[in-house]
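Computed from a prediction, not measured in an experiment: that's the story for all the values here. Convention: sequence-line order gives letters A, B, ...; per-chain numbering from 1.
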Amino acid sequence: MAVMRINVGPIHPSTHGVLRLVVDVDGDSIVNVEPHIGFLHRGVEKLCETRMYMQNPSYFEKLDYISPMSWDDLYVAAVEEAMGAEVKEPAQYARVVLIEFQRIANHLLWIGTLCNDIGQMFTVFMWCFRERAKVLKLLENVTGGRMFYNYMRVGGLQRPLPPDFKERALELTAYLRAKVSEYKDVLDANEVFMERLKGVGVLSRKDAINYGVTGPVLRASGVDEDARKSHPYYVYDKLDFNVVTMSGEDSYSRYKVRYDEIFQSIRIIEQAIDKMPEGDMVGQPIKLIGAPAKQDTVITRRELPKGEGLIYMVPDKQKPFRLSIRAPGFVNLAALPKMCEGAKFADLFAILGSLDIIFGETDR
Amino acid sequence: MRQIEGLKAKGFDYLKKITAVDYVDRIEVIYIIYNTESKKEEVVKVELDLNSPSIASVMHIYRAADWYERELQEMFGIKIEGRDAKRLLLEEWNGTDAPLRKSFVWGRDYKRME
């Protein structure tokens, strides 16, 4: 049978942004998929070279509008490393709590949209958004912003956590633990959900490493790799948590890894709140930020919700001389053609949805 | 290149990032390579001539290099030997400018892209 070429996107409800896929199909089977990216390219890396250090965090938040706190943290950590600044200990605990809440919010949104992608319309989606709204409400209470926080400062935070933060956070983790447990009953017992995900989009362990995928996609292929364990930062080495890995190598494993990570994040938050010392956590005023002129390069890694983010920076006095971003969405999307080998066209969006890509960071 | 092959043989199986820096008098290409077993990281730096930069492809060693190399060609004008990409990475790119070079001035040259 002749191979037919189908264009998908750039505007399509299941691509979570502006992605164009050129798909070659033979009947119902996919022969080849070619992702075309770049519709959201803003030239962030170039833009950063023209701005002072602390003018940049808001660009980084917009790289991933589902988890802005994590990117904010990654960038500020890179600046801290360039300056040689220490983060105050209470602020380290506070950052861990905030970025883990952000991870929960990110994974909740992802589970909801995945269910939409594979035809489990709206019930789970609405549940996830109900829970995510509570997380955002807490972050809004802390930072003043619902989506974009701009809360990290060199050496600490913009201002102290509100006085009732600990109680509110613990109340929320108890609520999340109860509610998120319900999803399993609905999803794992749902034959349609399982059939659409099990054995779909298989990426073997060897290929996962060779293609360089990252984050939950890599862990779902059985690779025990998490920057929080392999390059511990902040106080993660003092907290007890597991790296979730699955050996299924398929879309269902990717769902399961993220689902279990929510509970690991809850564990981390509860321990960090328990151990958080009292004290000053406010960072340096923006005016004082500047790196010493003669500097080697800086490599900073953080385990973002979508995978390992990395900044390679050549610092200069007032501005970065060069700043290069490794975005998890970029590397995961590059492996899409491999995962689609031999898949049916209808599975394309179950596979794409399982990657958790976002185009702010993929196109930069 | 030979260094990277040696690293791969030593178990450094995961390519994290390829990037480049334009130091005005030279271009440096950086490979960040990782070992998923021992959790060690190696950084390989290669210096290139500014006028006609070109570097050998490592795609046969690490498949992850595909998009990074296309990005290098697009953003720095570095020619990648040993592979002919049908198209570069970003959609609707004119393919002649190298925007992340320092000779490309932000605010002055970006108009040419239209």
Side-chain angles (χ1 to χ4, degrees), chain A residues 9-10 18-20 22 34-41 43 45-51 205-214 218 223-227 229-232 297 299 301 308-314 321-327 330-335 337-338 362-364, chain B residues 8 11-24 27-41 43 45 59-72 74-76 86-93 98-102 104-110 113:
Chain A
V18 275
L19 167 66
R20 178 172 168 234
V22 177
E34 210 190 341
H36 290 231
I37 63 169
F39 294 98
L40 209 56
H41 181 73
E45 293 180 0
K46 188 75 177 177
L47 202 54
C48 285
E49 294 173 9
T50 68
R51 297 284 191 275
R205 186 192 151 94
K206 195 161 158 273
D207 285 334
I209 292 173
N210 196 16
Y211 277 75
V213 296
T214 179
L218 183 63
V223 183
D224 180 11
E225 172 55 37
D226 189 320
K229 286 276 189 200
S230 52
H231 301 277
T297 54
I299 303 177
R301 324 160 187 75
E308 187 182 329
L310 185 142
I311 285 183
Y312 183 92
M313 181 158 77
V314 182
F321 180 77
R322 164 91 172 101
L323 195 150
S324 176
I325 303 162
R326 180 201 197 229
F330 182 87
V331 290
N332 285 346
L333 187 62
K338 181 72 190 168
T362 306
D363 295 350
R364 280 161 292 145
Chain B
K8 170 95 178 187
F12 284 81
D13 47 1
Y14 186 92
L15 178 73
K16 258 191 192 171
K17 171 92 183 155
I18 305 177
T19 186
V21 181
D22 179 2
Y23 283 104
V24 186
I27 289 183
E28 202 171 81
V29 178
I30 297 113
Y31 298 85
I32 302 177
I33 302 169
Y34 186 67
N35 186 333
T36 50
E37 292 299 325
S38 67
K39 314 284 182 204
K40 285 210 177 65
E41 206 171 82
V43 180
K45 295 183 180 178
M59 204 175 129
H60 60 285
I61 312 175
Y62 300 105
R63 188 60 179 69
D66 183 8
W67 281 24
Y68 290 131
E69 285 180 349
R70 278 153 70 176
E71 196 181 31
L72 278 193
E74 204 163 60
M75 293 291 168
F76 286 90
K86 283 198 294 295
R87 46 177 277 276
L88 294 181
L89 199 53
L90 302 182
E91 197 82 342
E92 317 241 324
W93 198 258
L100 283 180
R101 292 268 198 105
K102 289 289 174 186
F104 187 98
V105 178
W106 189 87
R108 186 192 74 193
D109 292 337
Y110 75 100
M113 307 304 250

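Annotation: the span from B:Tyr34 atom OH to A:Thr214 atom OG1 amounts to 10.0 Å, rounded to 0.5 Å. Expressed to the nearest 0.5 Å, how far NE2 of A:His41 lies from CD of B:Glu74 amounts to 7.5 Å. Annotation: the span from B:Lys16 atom NZ to A:Ile299 atom CD1 amounts to 9.0 Å, rounded to 0.5 Å. To the nearest 0.5 Å, the span separating OG on A:Ser324 from CD1 on B:Ile18 amounts to 11.0 Å.
When the shell of 6.0 Å around NZ of A:Lys206 is examined, it contains 12 or fewer heavy atoms from other residues, nucleotides or ligands.
Counting only distance, with no hydrogens or angles, the side chain of A:Lys46 and the backbone of B:Pro99 share a donor-acceptor pair below 3.5 Å. Although no hydrogens or angles enter the test, the distance criterion places no donor-acceptor pair under 3.5 Å between the side chain of B:Lys39 and the main chain of A:Ala227. A donor-acceptor distance shorter than 3.5 angstrom exists from the side chain of B:Lys102 to the backbone of A:Phe321, with no hydrogens or angles considered.
Put simply, of A:Ala334, A:Pro35, A:Gly43, the one with the most heavy-atom pairs under 4.5 Å next to chain B is A:Ala334. Among B:Thr19, B:Ile32, B:Asp66, the residue with the largest count of heavy-atom pairs under 4.5 Å with chain A is B:Thr19.
Of all heavy-atom pairs spanning B:Leu15 and A:Arg326, the tightest one is O-NH2, 4.5 Å. The two residues B:Glu28 and A:Tyr312 make their nearest non-hydrogen contact at OE1-OH, 4.5 Å. Closest non-hydrogen pair, B:Asp13 versus A:Ile209, comes out as O-CG2, 3.2 Å.
Heavy atoms of B:Ala20 lying under 4.5 Å from chain A belong exclusively to its backbone. Heavy-atom distances place the backbone of B:Ile61, and not its side chain, under 4.5 Å from chain A. Heavy atoms closer than 4.5 Å to chain A are found in both the backbone and the side chain of B:Tyr23. Contacts of A:Ile325 with chain B are made by backbone atoms alone, with heavy-atom separations under 4.5 Å and no side-chain atom involved.
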Report the C-alpha distance between A:Val331 and B:Trp67 in whole Å, list the side-chain angles of each, state the deciding distance to 0.1 Å, and finish with yes or no for side-chain contact (heavy atoms from CB on, under 4.5 Å). CA-CA 8 Å; A:Val331 290; B:Trp67 281 24; over 6 Å; no
Are B:Arg63 and A:Lys338 close enough, and set up right, to give a side-chain contact (heavy atoms from CB on, under 4.5 Å), and what steps lead you there? CA-CA 11 Å; B:Arg63 188 60 179 69; A:Lys338 181 72 190 168; over 6 Å; no
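Residues passing the salt bridge (charged side-chain N to carboxylate O under 4.0 Å, His left out) test with A:Arg364 are A:Glu45, B:Glu71, sequence neighbours excluded.
In this structure, a donor-acceptor pair under 3.5 Å is absent between the side chains of A:Glu225 and B:Tyr14.
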